[in-house]
Amino acid sequence: MAKRRRAYFMDASYVVKKGRTYVALLLKGKKVVKLYYRYDPYFLVDGPVERKEEFLDIQAQKKNGRIASPIHVEEAEKYVGLEKKKLIKLYCREPSDVPAIKSQIPFPCFESSIPFVRRFIFDMQLSPFHVITYEREGREIKKIISVKEPKEAPQMETLSFDIETYNPMGAPREKKDPVIMISYRGRNKGVLTYKESSREFVESLENEKAVIERFSEIIAEENPDVIYGYNSANFDLPYLDARAKKLNARLMPGRFKGGMRSLRKGMINGYEIGGRVHFDLYPVMRFFGFIGLIKAQKFTLDAIAEEVLGKRKLDVKKEDIYQLWDQGGVDQLADYSIVDAELTYDLGENFLPLEMEMSSTAKIPLFQVTLSTSGQLVENLLMYHAAERKELIPRRPVGEAIYERLNAPIQGAFVKLPEPGIYENIAVLDFRGLYPSIIVSYNIDPGTLLEDGGENAYVSPTGAKFTKEKQGLVPVVLDYLVDMRSKIKSRLKTMDRSSAAYVKMNARSHALKILSNSFYGYLGYARSRYYSRPCAESVTAWGRKHIMDTIQKAEKAGFQVLYADTDSVFLIYEEKNQVRDFMNGINDSLPGKMELELEGFYTRGVFVSKKGGEARGAKKKYAMIEDDGRIKIRGFELVRRDWSDIAKDTQLKVLEAILKEGSKQKAVRIVRETIKELEKGTVPLEKLAIITQLKKDPTRYEIKSPELSAAKKMLKRGIPVERGTIISYVVGRKGASISEKAVPLELAEDYDVEYYVNNQVLPAVMKILKELGYDEYSMKVGGKQKSLDSFF
DNA sequence: GCCGGCTGCTTACCA
DNA sequence: ACTGGTAAGCAGCCGGCC
DNA sequence: ACAATTAAGTGTTCAGAA
């Protein structure tokens with residue numbers, strides 16, 4: 001007798017039993033259970049439908065030597081663009097038969113490289129963390145009745161962990177060097193080790209094997225749904241696995257006797273823990289750094305914890321760990337270790353809501369989402385909805401096609417050249433979600449693109465036509481995301497900011513934003529299934545058209561248009577209401593979802609000229625002050641890390657003097673004082689450090705540069721420098737070229753006054769002072785021994 | 001031999 | 001590892017000028 | 001208990017863990 005049940009859908013995998021394929025669903029109701037659903041893998045063939053039965057005769061040899069044949073064949077109908085197409089649907093006994101059988105077919109095959117579990121999620125239209133209602137008999141689900149969004153998110157049990165290893169030779173060697181500590185933080189926290197410690201949170205066990213086995217027990221006791229680590233997919237878990245094998249220790253971090261396995265998803269390594277979600281924060285932090293959600297130059301636990309939580313790791317050098325262990329520093333090491341586990345836990349709790357929303361929005365189980373790139377998120381969501389709309393999923397490009405795409409970049413946005421100067425009363429208007437709104441409003445999609453002719457269509461500035469007859473896949477999905485987000489945003493305003501519901505909804509809003517902002521990039525991404533040059537070109541072309549139209553109309557309405565970049569216009573206004581009226585007028589003329597918004601009013605702003613003689617304005621560099629005194633600075637040296645603090649601080653003070661006080665005398669005084677201080681030689685070296693990251697291995701550069709020269713000096717002293725190392729250097733007095741003079745901050749003893757005056761402070765401030773009428777001086781400043789001092 | 005101007009390589013920023 | 005547009009540093013080269 | 005070891009491809013890396 002079938003029982004009807006409800007539970008949260010957490011994750012899925014699959015098993016083959018007695019030659020039949022079952023999807024294994026991880027469900028969370030009162031308890032967490034694993035249940036099975038009979039489902040056959042399949043793929044589609046664009047071949048002779050009337051002779052479909054013949055495909056059953058295919059015999060394909062698999063890598064393991066076995067012979068695989070299709071088990072069933074039927075006809076399928078799918079949309080391709082606006083047309084319907086008949087295809088052959090070939091069912092296989094198990095997932096690994098698919099590639100083998102496909103390779104025997106002399107016709108184009110589709111949807112054969114979609115991982116089986118994803119396929120199942122598409123076909124059943126499941127969403128992670130939604131509630132499914134199902135009928136079960138024993139361990140088997142007979143029927144999925146419904147999939148619904150829950151009122152409340154499932155309560156996730158979480159645990160973080162971190163290991164310390166004995167490392168006398170630098171990097172620990174799995175075969176020889178033991179795990180000396182495991183720290184964890186969940187409902188309880190503690191450190192497992194096999195030496196005595198006075199710390200009350202330390203549990204001292206007999207040996208390494210006992211530590212590993214006790215860790216397994218703790219996981220079983222805490223029974224977490226999610227296990228956090230930091231780079232645990234590349235270090236902690238493989239290391240523990242290797243040590244457990246060597247010591248014959250039972251390491252059972254999974255549920256239902258599930259083991260662990262490593263996997264690669266593109267460039268990202270994952271380590272799967274059966275029955276639980278292994279959440280490695282490191283790749284997730286990289287992803288959030290990439291999309292600009294967090295601002296970080298390094299992705300070490302220490303740097304990220306500082307940036308996100310405002311907390312640091314304890315100060316123990318990795319190289320010293322084995323010495324602490326050997327020389328009675330167990331307490332100190334335990335303190336260090338537990339802080340790592342706590343920071344990892346805090347980071348995990350911080351980002352879990354967002355990742356869960358990413359998971360249910362993109363329809364990718366949580367573990368997979370933590371390993372996904374933007375392209376994969378968008379692609380998966382599009383495939384999910386393509387399945388829903390019965391559209392054929394395009395194949396992924398291979399080989400030459402990718403290079404062709406890479407070699408044909410698409411023209412991007414328009415940036416208006418600003419007239420340098422200092423201005424008052426600036427209004428900034430911008431298009432809300434410009435590219436997404438263009439895609440939706442003009443129905444831009446590879447499937448709605450009309451080859452030729454076509455009456456009822458949007459015609460892009462490039463000449464491409466998009467039908468108005470049927471809404472395309474990309475616009476439909478994007479429209480849904482954008483719409484959902486605006487509803488959530490208005491709901492958020494009425495909610496209690498400290499409530500759990502607010503945290504969840506806020507995370508969802510974020511997830512929706514991340515996804516919708518990736519769609520345009522995905523259309524122009526070389527490895528995209530839905531790549532379309534005409535689509536991507538049309539998006540930017542319409543973007544340029546709208547921004548230029550707006551500029552033109554603003555000028556016609558009597559505004560001076562100062563500047564514009566991609567989706568924003570900067571106007572000089574007299575009456576705020578005139579700006580609002582203008583904006584409303586534009587909005588009346590805009591199609592569909594497009595909307596111009598008021599970003600803000602600024603009382604004063606500085607636009608500078610580019611370096612070099614002529615007075616051409618610099619793009620992407622400006623500073624403005626709002627009514628309430630807040631300053632907005634873009635592109636200036638002072639927002640860049642590869643300029644010294646002395647130059648950046650001076651530039652900021654000069655800008656503040658001008659924007660806040662309108663005092664050019666004060667600005668000049670600041671510069672003079674700074675130069676005097678530099679000449680006195682009293683400026684601390686830290687304020688002179690220039691920070692640059694080496695993006696390549698130091699041996700792989702073709703050129704000389706100050707940062708590279710400083711890096712070489714570090715290497716000489718035995719300080720490790722590798723790709724990604726951030727170099728802080730000071731330009732000293734010894735040497736002919738700037739590169740020769742560059743010395744790593746920690747080794748610096750003096751500084752080159754002339755360099756800091758002429759190459760740091762003056763370039764940073766003269767661009768601004770020039771707009772105050774001091775431009776004739778800047779011409780002479782290039783000469784020898786001249787400092788600003790001599791001119792005032 | 002000195003310089004200005006240019007290019008190439010590089011980093012970091014804006015949208 | 002989603003897109004393109006932009007400033008600006010330093011090194012190194014070329015050509016013009018004295 | 002058994003048997004197999006799990007459907008993606010590019011190029012063959014990045015940077016993090018000790």
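Reminder, nothing fancy here: chain letters follow the sequence lines and each chain counts from 1. Given the structure is predicted, the values throughout are model-derived calculations rather than measurements.
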**Q** Do the non-hydrogen side-chain atoms of A:Leu347 and A:Tyr230 ever get within less than 4.5 Å of each other?
**A**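 The answer is yes, as the side chains (C-beta and beyond) meet within the 4.5 Å cut-off.
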
**Q** Report the residues that fulfil salt bridge (Lys or Arg N to Asp or Glu O under 4.0 Å) with A:Glu307, sequence neighbours left out, ordered by chain and then residue number.
**A**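 With neighbours one apart ignored, the set is empty.
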
**Q** Expected output check: what is the dot-bracket annotation of DNA chain D, where ( ) and [ ] are pairs inside the strand (brackets for crossing ones), | is paired with another strand, and pairs are Watson-Crick or G-U under 3.5 Å?
**A** ..................

**Q** What's the CG-C1' distance between A:Asn407 and D:dT10, to the nearest Å?
**A** 15 Å

**Q** Which residue, A:Thr540 or A:Leu417, contacts DNA chain C at a nucleotide closer to its 5' end, judged by nearest heavy atom?
**A** A:Thr540

**Q** Answer with base, sugar-phosphate or nothing: what part of the nucleic acid does A:Arg395 contact at a heavy-atom distance below 4.0 Å?
**A**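 Contact class for A:Arg395: none.
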
**Q** Need one value for A:Ala171: base, sugar-phosphate or nothing, where a base atom within 4.0 Å counts as base even if backbone is also close, heavy atoms only.
**A**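 Here A:Ala171 touches the bases of the nucleic acid.
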
**Q** Mind checking side-chain contact (heavy atoms from CB on, under 4.5 Å) for A:Glu637 and listing every partner two or more places apart, or none if nothing turns up?
**A**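 A:Lys621, A:Trp643, A:Gln651, A:Lys767.
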
**Q** Is there a donor in the side chain of A:Asp567 and an acceptor in the side chain of A:Tyr435, or the other way round, less than 3.5 Å apart?
**A** no

**Q** Using whole Å, what does the distance between atom C1' of nucleotide D:dT13 and atom CG of A:Asn234 come to?
**A** 12 Å

**Q** Under 3.5 Å, is there a donor-acceptor pair linking the side chains of A:Lys62 and A:Ser96?
**A**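 Judged by distance alone, the side chains do pair up.
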
**Q** Checking A:Leu314 now: which residues fulfil side-chain contact (heavy atoms from CB on, under 4.5 Å) with it, not counting sequence neighbours?
**A**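 For A:Leu314 the side-chain contact (heavy atoms from CB on, under 4.5 Å) partners, ignoring immediate neighbours, are A:Asp335, A:Tyr336, A:Val339.
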
**Q** Take atom CD1 of A:Ile726 and atom C1' of D:dG16, then tell me their distance rounded to the nearest Å.
**A**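 Rounded to the whole Å, the gap is 13 Å.
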
**Q** So what's C:dG9 paired with, Watson-Crick or G-U wobble, going by both distances under 3.5 Å?
**A**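 Result: B:dC9.
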
**Q** Give the rounded distance in Å between these two atoms: CZ of A:Phe299 and P of D:dA15.
**A**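 Rounded to the whole Å, the gap is 10 Å.
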
**Q** Collect all protein-nucleotide pairs involving nucleotides 5-9 of chain D in which both atoms are nitrogen or oxygen and the distance is under 3.5 Å.
**A**
{"unit_1": "D:dT6", "atom_1": "O2", "unit_2": "A:Tyr14", "atom_2": "OH", "d": "2.9"}
{"unit_1": "D:dA7", "atom_1": "N7", "unit_2": "A:Phe116", "atom_2": "N", "d": "3.0"}
{"unit_1": "D:dA7", "atom_1": "N3", "unit_2": "A:Ser112", "atom_2": "O", "d": "3.1"}
{"unit_1": "D:dA8", "atom_1": "N1", "unit_2": "A:Arg396", "atom_2": "NH2", "d": "3.2"}
{"unit_1": "D:dA8", "atom_1": "N3", "unit_2": "A:Arg396", "atom_2": "NH1", "d": "3.0"}
{"unit_1": "D:dA8", "atom_1": "N3", "unit_2": "A:Arg396", "atom_2": "NH2", "d": "2.3"}
{"unit_1": "D:dG9", "atom_1": "O6", "unit_2": "A:Gly266", "atom_2": "N", "d": "3.2"}

**Q** Base, sugar-phosphate or nothing for A:Gly412? Non-hydrogen atoms, less than 4.0 Å.
**A** sugar-phosphate

**Q** Measure CG/A:Leu237 against P/D:dA18 and give the value in whole Å, please.
**A** 13 Å

**Q** Indicate, with a heavy-atom threshold strictly under 4.0 Å, whether A:Lys318 touches base, sugar-phosphate, or nothing.
**A**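 Answer is base: heavy atoms of A:Lys318 come under 4.0 Å of a base.
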
**Q** Sticking with atom C1', work out how far C:dA1 lies from D:dT13, rounded to a whole angstrom.
**A** 11 Å

**Q** Scan A:Leu377 against the nucleic acid and name what it touches under 4.0 Å (heavy atoms): base, sugar-phosphate only, or nothing.
**A**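 Since no nucleic acid heavy atom lies under 4.0 Å of A:Leu377, the category is nothing.
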
**Q** Are A:Glu174 and A:Tyr239 close enough that a side-chain donor and a side-chain acceptor fall under 3.5 Å?
**A** no

**Q** Name the first nucleotide and the last nucleotide along DNA chain C (5' to 3') that come under 4.0 Å of a heavy atom in chain A.
**A** C:dA1 to C:dG12

**Q** Who are the salt bridge (Lys or Arg N to Asp or Glu O under 4.0 Å) partners of A:Lys741, not counting sequence neighbours?
**A** A:Asp752

**Q** Which part of the nucleic acid, if any, lies within reach of A:Leu434 when heavy atoms closer than 4.0 Å are counted: base, sugar-phosphate only, or nothing?
**A** nothing

**Q** Would you give a per-nucleotide map of nucleotides 4-15 of chain B, 5' to 3', where B means the base has a protein non-hydrogen atom under 4.0 Å away, S means only the sugar-phosphate does, and - means neither?
**A** ------SBBSBS

**Q** Are A:Thr540 and A:Gln411 close enough that a side-chain donor and a side-chain acceptor fall under 3.5 Å?
**A**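 Note: A:Thr540 and A:Gln411 side chains miss the donor-acceptor criterion.
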
**Q** Using a heavy-atom cut-off of under 4.0 Å over every strand shown, decide if A:Tyr530 touches base, sugar-phosphate, or nothing.
**A** nothing

**Q** Using the P atom in both, what is the distance from B:dA15 to D:dT10, to the nearest Å?
**A** 38 Å

**Q** Using the test side-chain contact (heavy atoms from CB on, under 4.5 Å), find all partners of A:Ala305 that sit at least two apart in sequence or belong to another chain.
**A**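 Listed in chain order: A:Leu309, A:Leu343.
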
**Q** Between A:Arg119 and A:Tyr42, is any side-chain donor less than 3.5 angstrom from a side-chain acceptor?
**A** yes

**Q** Give the minimum heavy-atom separation between A:Tyr563 and A:Lys619, together with the two atoms involved.
**A** OH-C, 3.9 Å

**Q** Output the rounded distance in Å from CG (A:Leu314) to P (D:dA18).
**A**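 For the pair A:Leu314 CG and D:dA18 P, the rounded distance is 12 Å.
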
**Q** Using a 4.0 Å heavy-atom cut-off, does A:Asp430 contact any base of the nucleic acid, only the sugar-phosphate backbone, or nothing at all?
**A**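 A:Asp430: no heavy atom of the nucleic acid under 4.0 Å.
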
**Q** Just checking A:Asn759: base, sugar-phosphate only, or nothing, at a heavy-atom cut-off of under 4.0 Å?
**A** sugar-phosphate

**Q** Classify A:Glu722 by what it touches in the nucleic acid, base, sugar-phosphate, or nothing, heavy-atom distance under 4.0 Å.
**A**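 Answer is nothing: A:Glu722 stays at 4.0 Å or more from every strand.
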
**Q** What parts of residues 279-294 of chain A reach DNA chain D, counting only heavy atoms under 4.0 Å away?
**A** A:Tyr282, A:Arg286

**Q** Base, sugar-phosphate or nothing for A:Asp162? Non-hydrogen atoms, less than 4.0 Å.
**A** sugar-phosphate

**Q** Is a donor from one side chain sitting under 3.5 angstrom from an acceptor on the other, for A:Ser337 and A:Ser183?
**A** yes

**Q** Any chance you could measure A:Ile691, atom CD1, to A:Asp642, atom CG, to the nearest 0.5 Å?
**A**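 One finds 9.5 Å between CD1 of A:Ile691 and CG of A:Asp642.
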
**Q** Rounded to the nearest angstrom, tell me the gap between atom CG in A:Asn269 and atom P in D:dT12.
**A** 16 Å

**Q** Go through the structure and list residues passing side-chain contact (heavy atoms from CB on, under 4.5 Å) with A:Pro168, not counting sequence neighbours.
**A**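 Here the qualifying residues are A:Tyr166, A:Arg173, A:Asp177, A:Tyr322.
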
**Q** Determine the interatomic distance between P on B:dC13 and the same-named atom on D:dT12; round to the nearest Å.
**A**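 That atom pair is separated by 28 Å.
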
**Q** Provide the distance between the two P atoms, one in D:dG16 and one in B:dC9, to the nearest whole Å.
**A**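 These two P atoms come out 27 Å apart once rounded.
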
**Q** Please check if any side-chain donor atom of A:Gln376 sits under 3.5 Å from a side-chain acceptor atom of A:Thr373, or the reverse.
**A** yes

**Q** Which part of the nucleic acid, if any, lies within contact of A:Ile410, taking any heavy atom under 4.0 Å across all strands shown: a base, the sugar-phosphate backbone alone, or nothing?
**A**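 The residue A:Ile410 makes sugar-phosphate contact but no base contact.
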
**Q** With a 4.5 Å heavy-atom cut-off, do A:Leu371 and A:Leu263 have their side chains touching?
**A**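 Yes, side chains in contact.
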
**Q** Rounded to the Å, how far apart are A:Leu240 CG and D:dA17 P?
**A** 16 Å

**Q** Want to settle it: does A:Pro172 or A:Ile402 sit nearer the 5' end of DNA chain D, counting the closest nucleotide to each?
**A** A:Ile402

**Q** If I compare all heavy atoms of A:Pro436 with all of A:Ser516, which pair ends up nearest, and what's the gap?
**A** CG-O, 3.8 Å

**Q** Identify, with sequence neighbours excluded, every residue that meets salt bridge (Lys or Arg N to Asp or Glu O under 4.0 Å) alongside A:Lys632.
**A** A:Glu599

**Q** Identify whether any heavy atom of A:Lys313 sits under 4.0 Å from a base atom; if not, whether one sits that close to sugar-phosphate; answer base, sugar-phosphate or nothing.
**A** sugar-phosphate

